[in-house]
Amino acid sequence: MLDALHTVLETVDDWVWGPPLLILLVGTGVYFTLRLGLLQIRYLPRALAFLFTRDNTGAKGDISSFAALCTALSATIGTGNIVGVATAIKTGGPGALFWMWLAAFFGMATKYAECLLAVKYRRTDAKGQMAGGPMYYLEDGLGQRWLARLFAFFGVAVAFFGIGTFPQVNAITDAAALSFGIPVSVSATVLTLLVAMVILGGITSIAAVATRIVPFMALLYIGACLLVLGNNISALPDAVALVIRSAFTPTAAAGGFLGATIMLAIQSGIARGVFSNEAGLGSAPIAAAAARTHSPAKQGMVAMTGTFFDTLIICTMTGLTLVITGAWQGEQAGAAMTSEAFSTGLSAFAGQYVVTIGLVFFAFTTILGWSYYGEKCFTYLFGVRGVRIYRLIYILLVGVGAFLTLDMIWILADIVNGLMAVPNLIGLIGLRHVVIAETRVFLDGLRDEKAASA
């Protein structure tokens, strides 16, 4: 009976994350890319500059634009950047990395649009804090409250039983046990206490931790990848050429790699890319809505840099490290495959501990980021009085998550995660004219500023 249910859930999961959803996700990004005039290329330098400007005096919001971005990155930069990239390349070959790039490029436009809408339609809740995200632009912008409630339900489910808790907790406790010999009960207890200390303080506490950990962990991991690439710099052009060539031609079996068709490379690359940066899923807008800003479009630009950092930089670093060291052709998969790449490129010591430390930091911040996403979805459904209940349940699930290995729960959570995208994408398409109008006003203002200063 359980085996049959497991098979059914796997079939549903494959269908949810199959071509229709991936085409809709990427297609939405293509639409906004074209209608906004390649905004993610033309204004990326300006968007990066916005990260370090402080001209939001008197603006509504709970945290700075940079803190909002770090909070969103804390949720998106996770095990997917290590395990997900390895899984994509192991399944679809080196060409999968190219399709991850493509998904990220168009995903930047999607992330811009959804975070713009989050700021435009955000509210101030009963506690005086910002509340925003797909729930609010679906209800107030599109007038579809049932879709808003559906999204919020999916968001709570994913936070409680999916990305937010079980997979991340297991990644941390398993890594601590394998690399440092720390008993699961000890690491689970410490992790639960740390999570409780942070999330009980709300968004300001989560953002404060995120702004310290996210840049540190990202630079540490990127630095390790650059050391591997630097040690193999002569092979880098061939590795990049292999990625591009494999994106358009079948990849032959080699070593432990079984071979892959072009379609498999496309599907695995796009799916893992979307799963990593979450563009179009509707999660990042919840953090963007908390930013202190006068302009929805400006925060949208800040938010789209998250996809740039997450996929076009960090996932690229992982992917090229896997390809240049030949680890993708080995027998290993997932985190073990990435560990093998660092062992080959640097040393056995580095291979073990770079991946372990990366997983621990990445997974910990994902727990924090998703606690906030789930909390906002929960309060949308039940009001601000339910915040303490939500936080206590979340902390409890973190505590027991290390001792649960229910594959069906994870598959179900993966299904719900994919379903989050459906109401969000309906909102983006239905409110596309709002995105375009807001963007035009903002860009006109930028041009006027440039002309005045000339």
### Message
Do Q299 and T293 pair up side chain to side chain, a donor and an acceptor below 3.5 Å, judged on atom types alone?
### Response
no

### Query
Taking atom CG of L150 and atom CG of L419, what is their separation to the nearest 0.5 Å?
8.0 Å

### Query
Side-chain contact, heavy-atom cut-off 4.5 Å: I172 with I367?
yes

### Task
For L36 and R42, work out which heavy atoms get closest and say how close.
O-NH1, 3.6 Å

#### Entry: Sidechain-backbone polar pair: S371 side chain, L368 backbone, donor-acceptor under 3.5 Å
yes

### Message
Donor-acceptor check, side chain of W99 to backbone of A247, threshold 3.5 angstrom: yes or no?
### Response
yes

### Any L138 side-chain heavy atom under 4.5 Å of R149 side chain
no

### Summary
From the list T311, D310, T110, side chain to side chain donor-acceptor pair (under 3.5 Å) partner of N277 resolves to T311

### Query
How long is the span from the NZ atom in K90 to the OG1 atom in T338, to the nearest 0.5 Å?
11.0 Å

### Query
Which heavy-atom pair separates G319 from I89 by the least distance, and what is that distance?
CA-CD1, 3.8 Å

### Over all atoms of both residues, closest heavy-atom pair of G269 and M100
O-CG, 3.0 Å

### Query
Would Y373 and M420 satisfy side-chain contact (heavy atoms from CB on, under 4.5 Å), going step by step from the backbone distance to the final call?
CA-CA 12 Å; Y373 292 163; M420 282 179 66; over 6 Å; no

### Message
Which heavy atom of G92 sits nearest to which heavy atom of A265, and what is that distance?
### Response
O-CB, 3.3 Å

### Message
Measuring only between side-chain heavy atoms, which start at C-beta, is F362 closer than 4.5 Å to Y221?
### Response
yes

### Message
Could you measure the distance from the CG atom of L38 to the CE atom of M108? Nearest 0.5 Å is fine.
### Response
11.5 Å

#### Entry: Side-chain touch N424/L281, heavy atoms, less than 4.5 angstrom
no

### Message
Is any side-chain heavy atom of K111 closer than 4.5 Å to one of T305?
### Response
no

### Query
Under the 3.5 angstrom rule, does the side chain of E114 hit a backbone N or O of G280 as a donor-acceptor pair?
yes

### Query
Between atom CG of L44 and atom CE of M304, what is the distance when rounded to the nearest 0.5 Å?
5.5 Å

### Query
So Y380 and Y136, would you call those rings parallel, tilted or perpendicular, with 30° and 60° as cut-offs?
perpendicular

### Message
Which residue is it: L193, L191, T192? I am looking for the one with a side chain to side chain contact (heavy atoms under 4.5 Å, CB included) to V195.
### Response
L191

### Task
Would you check, one step at a time, whether the test side-chain contact (heavy atoms from CB on, under 4.5 Å) holds for L97 with L320?
CA-CA 8 Å; L97 183 59; L320 289 177; 4.2 Å; yes

### Query
Shortest non-hydrogen contact from P134 to F151?
CG-CZ, 3.5 Å

#### Entry: Atom pair OH (Y43) and CE (M301), whose distance is rounded to the nearest 0.5 Å
6.5 Å

### Task
Take I426 and L24 through the side-chain contact (heavy atoms from CB on, under 4.5 Å) test and state the conclusion after the steps.
CA-CA 10 Å; I426 292 173; L24 184 59; over 6 Å; no

### Query
Any idea how Y353 and F180 line up, ring-wise: parallel (<30°), tilted (30 to 60°), or perpendicular (>60°)?
tilted

### Query
Would you find a donor on one side and an acceptor on the other, under 3.5 Å apart, between the side chain of Q40 and the backbone of F105?
yes

### Task
Determine, for F442 and K298, whether the Lys NZ or Arg CZ falls below 6.0 Å from the six-membered ring centre while staying within 45 degrees of the axis.
no

#### Entry: Atom OH of Y390 with >12 non-hydrogen neighbours under 6.0 angstrom
yes

### Query
Got a donor-acceptor contact below 3.5 angstrom from the R432 side chain to the L428 backbone?
no

### Task
Walk me through it: do L431 and Y121 pass the test side-chain contact (heavy atoms from CB on, under 4.5 Å)?
CA-CA 11 Å; L431 296 170; Y121 290 101; 4.1 Å; yes

### Query
Strictly under 6.0 Å, is that where the ring centroids of F106 and F32 end up?
no

### Query
Hey, are the side chains of C225 and F342 touching, using non-hydrogen atoms and a 4.5 Å cut-off?
yes

#### Entry: Side-chain heavy-atom pair F153, C377 within 4.5 angstrom cut-off
no

### Query
Looking only at atom types and distance, does a side-chain atom of T91 sit under 3.5 Å from a main-chain N or O of A88, one as donor and one as acceptor?
no

### Summary
Here the gap from L229 atom CG to I222 atom CD1, rounded to the nearest 0.5 Å, amounts to 11.0 Å

#### Entry: Polar side chain donor-acceptor pair, T307 to Y112, under 3.5 angstrom
no

### Query
Nearest heavy-atom pair of T365 and M217: which atoms, and what distance?
OG1-CE, 3.5 Å

### Query
Just wondering, do Y137 and L142 contact through their side chains at under 4.5 Å, heavy atoms?
no

### Query
With no hydrogens and no angle check, is any side-chain donor or acceptor of R122 less than 3.5 Å from a backbone partner on A290?
no

